[in-house]
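Counting starts at 1 for both ligands and their atoms, following the listed order. Just so you know, these numbers use all the heavy atoms, side chains as well, and skip hydrogens, waters and symmetry mates. These numbers come from a predicted model, not from an experiment.
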Amino acid sequence: MADLSGKKAFVTGGARGIGAAIVRRLARDGAELAFTYVGSRDTAEALAAEIVSNGGKAQAIQADSADAAALSGAIAKAADRMGGLDILVANAGVFTPGTIDEFKLDDFDRTLAVNVRGVFVAAQEAARHLGSGGRIITIGSTNAGRAPFPGMAPYAMSKAAVAGLVRGLARDLGPRGITVNNVQPGPVDTDMNPDSGDFAAMVRASTALNRYADVSEIAAFVAWLSSAEASYLTGASLTIDGGFQA
Ligand code: NDP
């Protein structure tokens, strides 16, 4: 367990999947949470209520990561309401499959708007509120380093862009004592990548551990990175993929 007592955290895309596990874990470790959703209002409200009923503090906010004004406004308001900000987890992401002969430019633009521009906007607004010891953690993907199947070029590109962004942001924010790191999961059982789909057996077999991750395994890593113990780690892309790239 990481000691995050008194910390204020903002998570994008926190209603479902990896983001929801991060919200739950940071709350369990003592942080106060604000998190965004785009469509899953009921799920998001239920998660915030669950945390409050367990004695924690959490607020769900609707903000599309592709809408810069909505996203930065949500972060500014949450920081104001919580009395500051210590941790940003830029988790929201989309994956639209498709090979180059069929991929629509609208989907290309949406992938970049959410997976890259949204991460930049969130980091830029968070940086206005973070102090020394602050943490920015992005959720990239092992697909930045290995795209094992056809049909994932724009997604892989977007996650490789996040790895580059994090290196640069670490340089921008290092002098202020803020660390910036990129967590690159392998296959994690969520709506985006269910451990039951057509490709699941092939995906499983391409990891050294021969299984998908549970969302809690990614959240545990994010909690540690959020903690004081990770104070000298910055600018890194940290792959947690069951050996998918091994
Ligand atoms: P899911 O599709 O299961 O959940 C995505 C979450 O992001 C949802 O809460 C969704 O909100 C939110 N979201 C999507 N688009 C937006 C948006 N425009 N604005 C705000 N929130 C948004 O995905 P995962 O949990 O699997 O993925 C989370 C992150 O992890 C993504 O960045 C993904 O690329 C990355 N990742 C996932 C892997 C996997 O195998 N699952 C592997 C490697 C990386 P709502 O519920 O409201 O729709």
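- The N/O atoms of Thr142, backbone and side chain alike, include none that comes under 3.5 Å of an N/O atom in ligand 1.
- Tyr37 does not carry Arg16 over the face of its six-membered ring by the limits of under 6.0 Å from the centre and within 45° of the normal.
- Ion pair Arg110/Asp64 flagged as a salt bridge, since at least one NZ, NE, NH1 or NH2 atom sits closer than 4.0 Å to an Asp/Glu carboxylate oxygen.
- From the protein, the heavy atom lying nearest to atom 8 (C) of ligand 1 is Arg16 NH2, 3.6 Å.
- When only non-hydrogen protein atoms are considered, atom 26 (O) of ligand 1 lies nearest to Thr190 OG1, 2.6 Å.
- Below 3.5 Å of separation, one finds no N or O of Gly14 facing any N or O of ligand 1.
- In this structure, Ser40 contributes its side chain and Thr43 its backbone to no donor-acceptor pair below 3.5 Å.
- Between the choices Ala90, Gly186, Ala113, the shortest heavy-atom distance to atom 38 (C) of ligand 1 belongs to Gly186.
- Counting the atoms of ligand 1 from 1 in the order shown, those under 4.0 Å from a heavy atom of Asn193 are 39 (C), 40 (O), 41 (N).
- Judged by the shortest distance from any of its heavy atoms, Ala63 lies inside the 4.0 Å radius around the atoms of ligand 1.
- The side-chain heavy atoms of Thr239 and Gln245, taken from C-beta on, include a pair separated by under 4.5 Å.
- Contacts of Val114 with ligand 1, taken as heavy-atom pairs under 4.0 Å, involve the side chain alone.
- Every atom of ligand 1 with a heavy atom of Pro187 under 4.0 Å away is listed here by number and element: 40 (O).
- Within ligand 1, counting atoms from 1 as listed, the ones closer than 4.0 Å to a heavy atom of Tyr37 are 47 (O).
- Protein heavy atom in closest approach to atom 7 (O) of ligand 1: Gly13 CA, 3.7 Å.
- Of all heavy-atom pairs between Gln184 and Ala163, the closest is OE1-CB, 4.1 Å.
- At a 4.0 Å heavy-atom cut-off, ligand 1 touches Arg110 through the side chain alone.
- Nearest-residue assignment for atom 44 (C) of ligand 1 (options Gly140, Gly19, Gly93; heavy-atom criterion): Gly140.
- Distance check: Thr234 OG1 to Arg171 CZ gives 9.0 Å after rounding to the nearest 0.5 Å.
- The single protein non-hydrogen atom nearest to atom 27 (O) of ligand 1 is Met192 CE, 3.9 Å, given as residue, atom name and distance.
- If you check the side chains of Thr96 and Asp107, you find no donor sitting under 3.5 Å from an acceptor.
- Between the side chain of Glu125 and the backbone N or O of Ala122 there is no donor-acceptor pair closer than 3.5 Å.
- Which parts of ligand 1 touch Asp191 is read off a 4.0 Å heavy-atom cut-off, strictly below it: atoms 3 (O).
- If you number the atoms of ligand 1 from 1 as listed, the ones under 4.0 Å from a heavy atom of Gly39 come out as 45 (P), 47 (O), 48 (O).
- Close approach to Ile139 involves these atoms of ligand 1, each under 4.0 Å from a residue heavy atom: 29 (C), 30 (O), 32 (O), 35 (C).
- For ligand 1, the polar-atom distance check finds an N/O of Ile18 within less than 3.5 Å of one of the ligand's N/O atoms.
- Across all their heavy atoms, Pro185 and Ile218 have their closest contact at CB-CD1, 3.9 Å.
- Residue contacts with ligand 1 for Lys159 involve side-chain atoms from C-beta outward but no N, CA, C or O (heavy atoms, distance under 4.0 Å).
- Annotation: atom 15 (N) of ligand 1 to nearest protein heavy atom, Val94 CG1, 3.7 Å.
- For atom 43 (C) of ligand 1, the closest non-hydrogen atom of the protein is Pro185 O, 3.3 Å.
- Ser40 OG, 3.3 Å is the protein heavy atom nearest to atom 45 (P) of ligand 1.
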Mind running side chain to side chain contact (heavy atoms under 4.5 Å, CB included) on Tyr212 and Thr207 for me, showing each step along the way? CA-CA 8 Å; Tyr212 276 60; Thr207 68; over 6 Å; no

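- Between the Thr36 side chain and the Gly13 main chain, a donor and an acceptor come within less than 3.5 Å of each other.
- At under 3.5 Å, not a single nitrogen or oxygen of Thr36, backbone or side chain, sits near a nitrogen or oxygen of ligand 1.
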Working note: Arg204 + Asp195, criterion salt bridge (Lys or Arg N to Asp or Glu O under 4.0 Å); need CA distance, chi angles, decisive distance, verdict. CA-CA 8 Å; Arg204 230 177 280 129; Asp195 186 5; 2.9 Å; yes

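- For the pair Tyr155 and ligand 1, a heavy-atom separation below 4.0 Å is found.
- Smallest separation of non-hydrogen atoms from Asn115 and Ser158: ND2-OG, 3.1 Å.
- For Asn91, a nitrogen or oxygen atom sits less than 3.5 Å from a nitrogen or oxygen atom of ligand 1, counting backbone and side chain alike.
- With hydrogens left out, the protein atom closest to atom 21 (N) of ligand 1 is Ala92 CB, 3.5 Å, a heavy atom.
- One option in Asp64, Val38, Thr111, Val188 has a heavy atom closer to atom 41 (N) of ligand 1 than any other, and that option is Val188.
- For the pair Leu238 and Asn182, the minimum side-chain heavy-atom distance is 4.5 Å or more.
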Going through the distances and angles, do Phe10 and Val89 end up as a side chain to side chain contact (heavy atoms under 4.5 Å, CB included)? CA-CA 6 Å; Phe10 192 99; Val89 184; over 6 Å; no

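- Residues Val119 and Leu130 are members of one and the same hydrophobic cluster, defined by side-chain heavy-atom contacts under 4.5 angstrom among Ile, Leu, Val, Met, Phe, Trp and Tyr.
- In the candidate list Ala21, Gly17, Ser65, Ser65 is nearest to atom 17 (C) of ligand 1, counting heavy atoms.
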